[in-house]
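Counting convention: from 1, in listed order, for ligands and their atoms alike.
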Amino acid sequence: MDKQQALQRIDQEAALFCADSDAIWDCPETAYQEETAARILCDRLEAEGFSVTRGLAGIATAFLGRWGEGRPVIGFLGEYDALSGLSQEAGSCEKRPLPDIPAGHGCGHNLLGAGALAAASAYKAYLEENRLPGTVLYFGCPAEEGGSGKAFLARDHVFDELDAAITWHPGDSTQVFGGSSLANCQVYYRFHGTSAHAAACPHLGRSALDAVELMNVGVQFLREHMIPEARVHYAITNTGGYSPNVVQPEAEVLYLIRSPKNIQVRELHERVTAIARGAAEMTGTRMEEDFVKACSNLVPNDTLCELMWENVQALPVPQYTEEERSYAKAIRATVPKQKTYLQLSMELLGSRKGRAHAEGWDEEEPIFTKPLPYEPTDAVMPGSTDVGDVSCVCPTVQCYVTTQAAGSPGHSWQVVAQGKSGIAHKGMIYAAKIMAATAIDLCHRPDVLEAAKAELKDRLAEDGGSYVPPIPAGVRPRIIQPGKQR
Ligand SMILES: [Zn+2]
Ligand SMILES: [Zn+2]
């Protein structure tokens, strides 16, 4: 089997993978609750000849598919979680939530999981047919959205045996993703005070809500004195109740702290915690800190990006029917004429790719088909992904692939609506081919793998040494939604 035949195999099996993606779309499940999606993908892995470990690292909806033995050990990363509040009818050109379905695939992870699996099985077929040594792993990674599933898996060493990891993300354009992303951590600050009648004996009360408010004011002043790339967000998750005539004895605020490097997040987290302690001092309350999760910055790997870019250039881009183009046009018309998140972030950071993207912004073009040129960049995307933790453990490469109309906003009903469309399916199959082709090259190019590992080592050294998992031992993954978290 040559490389071309391995890629053709993806076309031959496309209907299966598209059906899996559609079935996951039909049953959108949010972070750490992806039971149906995990079952669909585990069944497919077994049907494709992989042995499957469910409940990987003690996480119910994490799993591992394994085939083959020896080196290289190449891992494909799959995601399959949905977003709450994004219920939406498929194929519609207007916002139309489905009854009784509270979530939706607004980030395209139905495609992500099935597409990465298609790549893993084509690569497996290539090794098997050609009797080549090598291990193929497919990681079922839950809770990318807000749960940092991969960071928990990385802390528990599941990626340690990898020579390289490959993944992709659905989007409105095709490009090999260089650059980095923000590391982050998410922490509850809970204040415990003393309840009292707010009029009769306020002097006996100690308000936990006051502590939350003072903490937020303190952090507001902190913002002037942190690096501009850092971000500190919060949500008040418990105000203490609805009664102003009661001194609120309990209150809670959830902080999300971001910075370009893990070490900067750690420092900023300490400063935020010091403010929380100060707020407790000021109000005579007790502060309790509860670490939820964290993820690392992406460590780009130019060596692997170059290899993936060669494959993007060699593969034909998907062709669309008139019907698909007019659907994309109708979706495009629902999007305010504003720059996409990706455009903004890349432009802000002054990258050439950002300008290329901006120049490719044709009002009349409903689907961005032409891949954006790859170039190494120091840009940091102002967002986070738990792929970051994998990229700290082994050389990791990913591409964005067009699965949506041009300008479709991230985490939107438009993305959900297009999740089962021909555009989405074609993009997923194209992405699978890019990933499989890259893996096939890697199995013949130990020199590239060695160079990629050396690059990772250098980059980690620049950041102060080896990977320190940002999630402390003992912190367990948890479901963050009203009524579910403690
Ligand atoms: Zn997302
Ligand atoms: Zn995503």
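Restricting H411 to its N, O or S atoms, the one at the least distance from the Zn ion (ligand 1) is NE2.
In summary, H109 places no N/O/S atom under 2.8 Å from the Zn ion (ligand 1), failing the contact criterion. Among the atoms of E144, no N, O or S atom falls under 2.8 Å of the Zn ion (ligand 1).
The SG atom of C107 and the OE2 atom of E145 subtend an angle of 100° at the Zn ion (ligand 1), given to the nearest 10 degrees.
Taking 4.5 Å as the limit, every side-chain heavy atom of C399 sits out of range of all side-chain heavy atoms of Q175.
Around the CG atom of D378, the shell of radius 6.0 Å holds no more than 12 heavy atoms that belong to other residues, nucleotides or ligands.
Taking the six-membered ring for Trp and the full ring otherwise, H425 and F17 have centroids separated by 6.0 Å or more.
Salt bridge status for D389 with K150: absent, with no side-chain N to carboxylate O gap under 4.0 Å.
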